[in-house]
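Only one structure is covered here, and it is reproduced in the block below.
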Amino acid sequence: MPELPEVETIARGLSAVITGRRIARVDVSWQRTIDARSEPIQTLGGDTVAGVGRVGKFVAIELASGRTLAIHLRMTGRLIVTDSPEPLAHERAALAFVGSGRLAFCDARKFGRLRLIEGDPGAALRVGIDPLSAAFDETAFAALLARRTTPIKVLLLDQRRIGGVGNIYACEALYRARVRPTRRSGRLTRLQRRELLGALQKVLKRAIEMRGSSVDDYVDAEGLQGEFQNQLTVYGRAGLPCRRCRTPIKRIVLAQRGTFYCPVCQQ
DNA sequence: CTGAGATCCTGGGGGC
DNA sequence: TGCCCCCAGGATCTCA
């Protein structure tokens, strides 16, 4: 499932291919793909792609009109530029370009959403601070954690506080920082906060360099798999020996999500 | 504010 | 081998 590094990779690949393209119309074959809060999607007709970026886990297609088309891929969404006259497998919606070709949104599970936004997309989407931005420093991180009793992993996954971190990278960062996922956020020591912030940024940056992690069936806009899945140290390794101390990795459920950690290394 | 639980979906894995 | 059942998973909404 695409998280920050995967979405960043997709956005960069897409930017190179569709920037400057003019949209003729939008075709929607599964109506619920369009978020109920979206501006009328057909008003995209006549607009031009000015660039492609990322807001949290959303692919943000910036338009010449100043608006933003935000796309959340959820678990199985994919964005594919194609000329195919036939609909692609699980194609739910597409931006048809003037001339030829289209940007197809394919999504087997139908959880992904498109939403056209006027104004600031971060505010409309209620996405918190970007973990790779300069503003995300020790002070900002400490303020987010202060006095909160929520387990630290749940807080890392809360998109309204920190935008872009998903299950895989939350598990990986906590393992690298040797912090137990269930630890109450407000109870981390200053050193643990520093370690965790560093680990989070390092793992995200490294994953972007490797074009993301291909767990399940993730591929980027060019249809390429990522490489970071080979560097995962705890995610998906339940029962396998910890790479530091050989203790079997434990799996628990936290906030309804599979959570992996080493019961010895992580406090 | 906070946490718990339901909801949306379907491919694929597990169980028999 | 074949078939059925049921679960994973992110965001959002309701309810306590």
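Just so it is clear: chains get the letters A, B, ... in the order the sequence lines come, proteins before strands, and each one is counted from 1.
- For A:Arg187, there are no salt bridge (Lys or Arg N to Asp or Glu O under 4.0 Å) partners two or more places apart in sequence or in a different chain.
- A:Phe105 pairs by the ring pair (Phe, Tyr, Trp, His ring centres under 6.0 Å) definition with nothing, not counting sequence neighbours.
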Can you check nucleotides 9-12 of chain B for protein contacts, nitrogen or oxygen pairs under 3.5 Å, and list what you find?
| residue | atom | partner | partner atom | Å |
| --- | --- | --- | --- | --- |
| B:dC9 | OP1 | A:Arg32 | NE | 3.1 |
| B:dC9 | OP1 | A:Arg32 | NH1 | 3.3 |
| B:dC9 | OP1 | A:Arg32 | NH2 | 3.4 |
| B:dC9 | OP2 | A:Arg32 | NH1 | 3.4 |
| B:dC9 | OP2 | A:Arg32 | NH2 | 2.9 |
| B:dT10 | OP1 | A:Lys110 | NZ | 2.6 |
| B:dT10 | O2 | A:Arg109 | NE | 2.8 |
| B:dG11 | N3 | A:Arg109 | NH2 | 3.3 |

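- In this structure A:Arg176 satisfies the side-chain hydrogen bond (donor to acceptor under 3.5 Å, both in side chains) test together with A:Glu172, sequence neighbours excluded.
- Not counting sequence neighbours, A:Glu195 has no partner by the side-chain hydrogen bond (donor to acceptor under 3.5 Å, both in side chains) test.
- For A:Arg243, the salt bridge (Lys or Arg N to Asp or Glu O under 4.0 Å) criterion is met by no residue, not counting sequence neighbours.
- Counting non-hydrogen atoms under 4.0 angstrom, A:Gly166 reaches nothing in the nucleic acid.
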Show me the side-chain donor-acceptor pairs of residues 46-53 of chain A shorter than 3.5 Å, one per line, residues at least two apart or across chains.
| residue | atom | partner | partner atom | Å |
| --- | --- | --- | --- | --- |
| A:Asp47 | OD1 | A:Ala64 | N | 3.4 |
| A:Asp47 | OD1 | A:Ser65 | N | 3.2 |
| A:Asp47 | OD2 | A:Ser65 | OG | 2.5 |
| A:Asp47 | OD2 | A:Arg67 | NH2 | 2.9 |

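- The residue A:Asn167 sits close only to the backbone: its heavy atoms come under 4.0 Å of sugar-phosphate atoms, none of a base.
- Using a 4.0 Å cut-off between a side-chain N of Lys or Arg and a carboxylate O of Asp or Glu, A:Asp107 and A:Arg109 do not qualify as a salt bridge.
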Acceptor/donor pairs from residues 247-255 of chain A side chains to any protein atom, 3.5 angstrom cut, sequence neighbours excluded:
none

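- Counting non-hydrogen atoms under 4.0 angstrom, A:Arg184 reaches nothing in the nucleic acid.
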Go along nucleotides 11-16 of chain C 5' to 3' and tag each nucleotide: B for a protein heavy atom under 4.0 Å from its base, S when only backbone or sugar atoms are that close, - otherwise.
-> SSS---
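- Take A:Glu138 and apply the salt bridge (Lys or Arg N to Asp or Glu O under 4.0 Å) test, not counting sequence neighbours, and it matches A:Arg194.
- In the region residues 146-154 of chain A, proximity to DNA chain B at under 4.0 angstrom, judged on heavy atoms, holds for A:Arg148, A:Thr149, A:Thr150.
- Annotation: salt bridge (charged side-chain N to carboxylate O under 4.0 Å, His left out) contacts involving residues 118-131 of chain A, sequence neighbours excluded, comprise A:Arg54-A:Asp130.
- Separating the CD atom of A:Glu3 from the P atom of C:dG9 is a distance of 11 Å, rounded to the nearest angstrom.
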